[in-house]
Protein chains: 2
Amino acid sequence: MQQVQKDPVQAIAMRVKIEREARGWSLAELAERSGVSKAMISKIERCEASPTATVLGRLSGAFGLPLSVLLALAERVQERIAPHAEQPVWTDPETGYTRRAISPPNSMLELIDVSLPPGVRVPYPAAAFAFQHQQIWVLSGRLDFQEGAALHHLSEGDCLLLGPPVDCVFFNPGKIPTRYVVALTRR
Amino acid sequence: MQQVQKDPVQAIAMRVKIEREARGWSLAELAERSGVSKAMISKIERCEASPTATVLGRLSGAFGLPLSVLLALAERVQERIAPHAEQPVWTDPETGYTRRAISPPNSMLELIDVSLPPGVRVPYPAAAFAFQHQQIWVLSGRLDFQEGAALHHLSEGDCLLLGPPVDCVFFNPGKIPTRYVVALTRR
DNA sequence: GTCAATCGTCTTTTATAGTGGACGCCAAAA
DNA sequence: TTTTGGCGTCCACTATAAAAGACGATTGAC
């Protein structure tokens, strides 16, 4: 699904908005970080302007991405299938904690497949979720989930709806790896 | 050497010019193919304008490249070391003819390392070089080089300076692979 | 309820991206 | 030599990208 000649304005619009909202930034905040006026960012996100290379460079700089990567992400905007082989996976070399992004890029609803080795503890700071709605579903093994002051003991098949943002900790109290899904929707 | 926030105008300028000249296109020809005025293309190549996303989309379309790829190439513009592992290599599955681009992208002077299996014949049409200056240096083995009507027999260490563009043929008359270098400068 | 703060959009003005055409500059040919 | 044609740049004009600030809507605090 390579796009070789369509006007990139719409794809860029969606991608910029996604990157901004994923960071929980308002137009004003992105404007300050990038040096691009918020009026212009607003227009870009609504496809009412075709940003210049200079402006795109400032925006990608604010996101900490090379411009070509921002554009590559933009071109993937309308993909609907995320083949297993192409899903980004990250493994913590120290603990063996593995995290796989299941959903196609850009989805409103994001699914993450996590594998937590026995005895491993993963903190999850409150600041990391500017999300509106988040659930945790245990596929196999056991999970102790600390949500602020509360501690939840989850077993295979359990599903937990998260409350307002607080510091959390994932912990696997069992002898086998725990596999669970994090499902979240943005704003 | 990822570029995360510099203004991309200069890198784009160089890359557009390279892509255009590599295809032997004049400003007018690229203008017609892309729908961008040649005055604008001229400005872009001389860093006197920051092209909009729409214009970049049209240009990359004319080149047959996804926009993100054009930008990725642009970001590599000032690389000065081309590590062996990153040099693009192409092998003809039928003949075993192998061609490796030695020089960093974008150089004025380009070096190509070619390996030609015994008995293999590779034609090289005149249209393929809009280059001003081109030399062939045999590293090992023997090479029969037909340049238009003339036939040159080259042995290890020989270096041939090419004349004006004509149809050429590379041929390995020996029993072992021939390895030679093509060195060329544009314009 | 009021007030204040913040958000995204809209308005006005300026800077500049983009176009079409004229121009000067080599080449190669007559 | 002059001519011719193709090339890239420059010029004048138009379209629009970009900035700065005003505006209405929403939200939370009191």
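Keep in mind that what you see is a predicted model, and the values were worked out from it rather than measured. A, B, ... follow the sequence lines: proteins, then strands. Residue 1 opens every chain.
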For R142(A) and P173(A), work out which heavy atoms get closest and say how close. O-CD, 3.5 Å
In whole Å, I'd like the distance from the CD atom of E29(B) to the P atom of dG5(D). 19 Å
Using atom CG of L27(A) as one end and atom P of dT26(D) as the other, report the distance to the nearest whole Å. 17 Å
Is a side-chain donor or acceptor of E75(A) paired with a backbone partner of L67(B) at a separation under 3.5 angstrom? yes
If the condition is salt bridge (Lys or Arg N to Asp or Glu O under 4.0 Å), which residues does D113(B) pass it with, not counting sequence neighbours? R179(B)
For dG8(D) and S42(B) - does any side-chain N or O of the residue sit under 4.0 Å from the phosphate oxygens OP1/OP2? no
Is it possible for you to say whether L154(B) and F171(B) belong to one hydrophobic cluster, with membership spreading through side-chain heavy-atom contacts below 4.5 Å? no
Contact list (N/O, under 3.5 angstrom) for nucleotides 15-21 of chain C vs protein:
unit_1  : atom_1 : unit_2 : atom_2 : d
dG18(C) : OP1    : T52(B) : N      : 3.0
dG18(C) : OP1    : T52(B) : OG1    : 2.3
dT19(C) : OP2    : S37(B) : N      : 2.9
dT19(C) : OP2    : S37(B) : OG     : 3.0

Rounded to whole Å, please give me the gap between CD1 in I41(A) and P in dG8(C). 10 Å
W25(B) atom CH2 is separated from dG8(D) atom C1', nearest whole Å, by 18 Å
Counterpart residues, side-chain hydrogen bond (donor to acceptor under 3.5 Å, both in side chains), relative to Q146(A) (two or more places apart): none
Whole Å only: how far is the CG atom of L30(B) from the C1' atom of dT9(D)? 16 Å
Is it the case that the ring center of Y180(A) lies less than 6.0 angstrom away from the ring center of F170(A)? yes
For R20(A) and dT6(C), give me the distance from atom CZ to atom C1', rounded to whole Å. 13 Å
